[in-house]
Amino acid sequence: MPHPAPAGAHARFDACVSRPYAWPLHDGWRVSTQLVLYVSPGSALSLKARRNLDAVLAGYDRGVVSLEVRDVTQDALKAEEDRVVFTPTLILKGLGLDAAWVVGDLSDHDTVVNLLRLGGVERPQ
Amino acid sequence: MSGSVDKIPTTVPGLDRLTLGGLPVGRSVLIVGKAGSGKTILGLQTAVSFVRQGVPTIFLCVEESPADMVETGDALGFDVSGAVASGKLRLSDATRPMDGPLVVSGEYDLSGLVHRVEALVKATGARAIVLDSATALFSPQPPPEVVRSLFFQLVHAFRKLELTAIILAEAASGEGTLTTLGVEDYVCDMVIVLRNIVDGERRRRTIEVNKYRRSAHQKGEYPFTITARGISIFPLDAGAPPPPADAARYSSGFSGLDTMIMGGLFRDSMVIVRGPTGSGKTLLAGLYARAGAARGERVIYYGFEEPRSILLGNYETIGMPMAEFVRAGNLRVECRYPEALGLEDLLVGIRSGLEEFDPALIVLDSISSIEHSASEKSFRQFMIGLASLLREHGKGALFTQTVTGGAAEQTAPYLSTIADAILALDYNTRGYELERTLRVLKMRGSAHDTHPYRLSIQAGGLRVEPHAIRPGPVVRATGVLSGLSVLLVEDFADARETATFVLEQAGARVRAVPDAAEAMRAYRAAAPDVIVCDLGLPDEDGFAFLERVRASPGPGARVPAVAFTAWGQPQDRVRGEQAGFQHHLLKPVEPGTLVNTVARAAGRAADQAPASTRS
């Protein structure tokens, strides 16, 4: 862990409100953030989105931020459930917010970073 | 042209007539309208109809959730939940997620939706799709070139999947483009525009087929309504092909009229009976309705002029009771005031009457009361809509129309086009006599007598008799009858006057009387050389009169007599001979025939000139 373990209940509370990364720290409290990227096979935009997302997620703890890539031709019913209309679409689930949809090739890396931050997941420096 | 496009009917009432058969199979159709114009209802109604025709259909819900669509459709009686349960209608949720933000980052395309549709087609075997709506799909709106390319991608995918696609889109408010997106109409094979116009105080909805590639269609805007059962369109094309020459005929309910039109009305024809107030229109309408009911057919009689009890009472009084047919259930009499109803509601009422009761005949008495309750334009739309409705259902109809300028008053051209037959009732006053006439102005597809017939109202109905004299050359001063005295017995004033004129022109001295009693007095005063006598006379008929003449003393008892009558049955001729008539002239006759017959009766050579051919 990059941060010192809390020494007591008070310290732990302190950590909760002030620490910027992987809040809350305790495993039982940890938000598991799932990212689902819907792509279509053979699509240049989808390929771009994957590359962009890989680059964005490189600095994140994959234990906190998980990624699943779904091919809309294989997972059409799941895509319907997730109300995916455009591809590529990235869905962020399990954030402080209920969910968020990002449509496009993710060429603007800050979009995903900001959404994760809004949900309390900071990228390690 | 239209043969090259494979079409699937929508079964939306009236729409398939505008599109001449339905929507293009495997192609895209754009339905454009503003919010509240009925796009979604039309899309849903068509989708359910496709399902009913055995075509599995996908409905892509972008604007409202599938649950809302089921509710909307079920409320309109489309049984969307049933269609969904059958597995033939698949509602797919493509609403924008509301439970979190939607952010755009970079470029995207519609492959997600396309692949979803592909998967659904594979799973359900769908052959049609409704997208509700393209506008919502591209909201917020990307740059125009992006919209265009995405929309093309979608339509191309539908095409590849061989789906008959119905794409709904929001209409633009300004001039220029048809839709807010401004691209959809270019790639669709057909464009339907729904409009919602406020006309005076009333809201009017119209539908227009704006474009139909490779197919003819009805052009222009047509009124429609949204009823509790969905959209109902009134195609205005009233022009109908003339009935085939061998079309089945049925009695008008009035045997005299049947004779005038050579055997009766054509099945499923539309008849307009015109005339001034009191000329017998309602009576004729009643005969028509009763005859249908008596044949065991179903008839709906819409009375707009008086309450039901009064109408039925009037028919009872004149010896044409309707009650038995009403009780038997094959005559439905509905009286209402058109002022209390909008014309569209009236039309919807008539349509549901046609569908539920399935009558063979309907009567509207009178269309003039409808005309007076509406603007000229809406009345015209009503009549044309009604006519197409009746053609669509293959029903016979009789409309009465009150004219104020006499029966000769010009009918509006569209009414003449609608009517397969036009009958004109009229009356003239001659002294104290009221002389009624009936004339067939038009009888599409059939020969008919164009001359006015005189009409009498009697218990149980109407009676006609042709006028005495046909138009024709009058024998002028040839002297063929000169010096002859003729006693003319004829109850109808105009016939009496015309026949008198014709005989006097040929040189006869004519004593003309209206009934048998007067005729007897005239005969006793001075026995004529020839008697010309009508058979149908008030009080004492022509047979009885002549029998009295034959039975009277003196040489006058053998005076030659000519029956001048509309009674042409063999038994009438036999009775005439028995009564003592030597000649039987069937009305109407040409002037020359009358003169020659009188000449022959008097033992003179007939005149050569006016032996005109009988038409």
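Both backbone and side-chain heavy atoms feed into the values below; hydrogens, waters and symmetry mates do not.
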Quiz item: OG/S92(B) to CZ/R83(A) distance, rounded to the nearest 0.5 angstrom?
Solution: 11.0 Å
Quiz prompt | Interface residues of residues 109-138 of chain B facing chain A - heavy atom cut-off under 4.5 Å | solution = D109(B), L110(B), S111(B), G112(B), L113(B), H115(B), R116(B), A119(B), L120(B), L137(B), F138(B)
Quiz prompt | Distance-minimising heavy-atom pair for E107(B) and L45(A) | solution = CB-CD2, 3.6 Å
Practice problem: Compare every heavy atom of S105(B) with every heavy atom of V102(A), then report the nearest pair and how far apart it is. | Solution: CG1-CB, 3.8 Å
[X] [atom1]: over 12 foreign heavy atoms closer than 6.0 Å:
X       : atom1 : answer
R159(B) : CZ    : no
R51(A)  : CZ    : no
E71(B)  : CD    : no
H156(B) : NE2   : no
E162(B) : CD    : no

Quiz item: Which pairs with one or both residues in residues 63-92 of chain A pass ring pair (Phe, Tyr, Trp, His ring centres under 6.0 Å), sequence neighbours excluded?
Solution: F86(A)-Y108(B)
Quiz item: Which pairs with one or both residues in residues 29-51 of chain B pass ring pair (Phe, Tyr, Trp, His ring centres under 6.0 Å), sequence neighbours excluded?
Solution: none
Quiz item: T111(A), D108(A), L106(A), N52(A): which one forms the most heavy-atom pairs within less than 4.5 Å of chain B?
Solution: L106(A)
Self-check item: Toward chain B, the part of L90(A) with a non-hydrogen atom under 4.5 Å
Solution: neither
Exercise. Applying side-chain hydrogen bond (donor to acceptor under 3.5 Å, both in side chains), name anything that partners D79(B), two or more places apart in sequence or on another chain.
Key: none
Quiz item: Between V104(B), T95(B), L150(B), D93(B), which has the largest tally of heavy atom pairs under 4.5 Å with chain A?
Solution: D93(B)
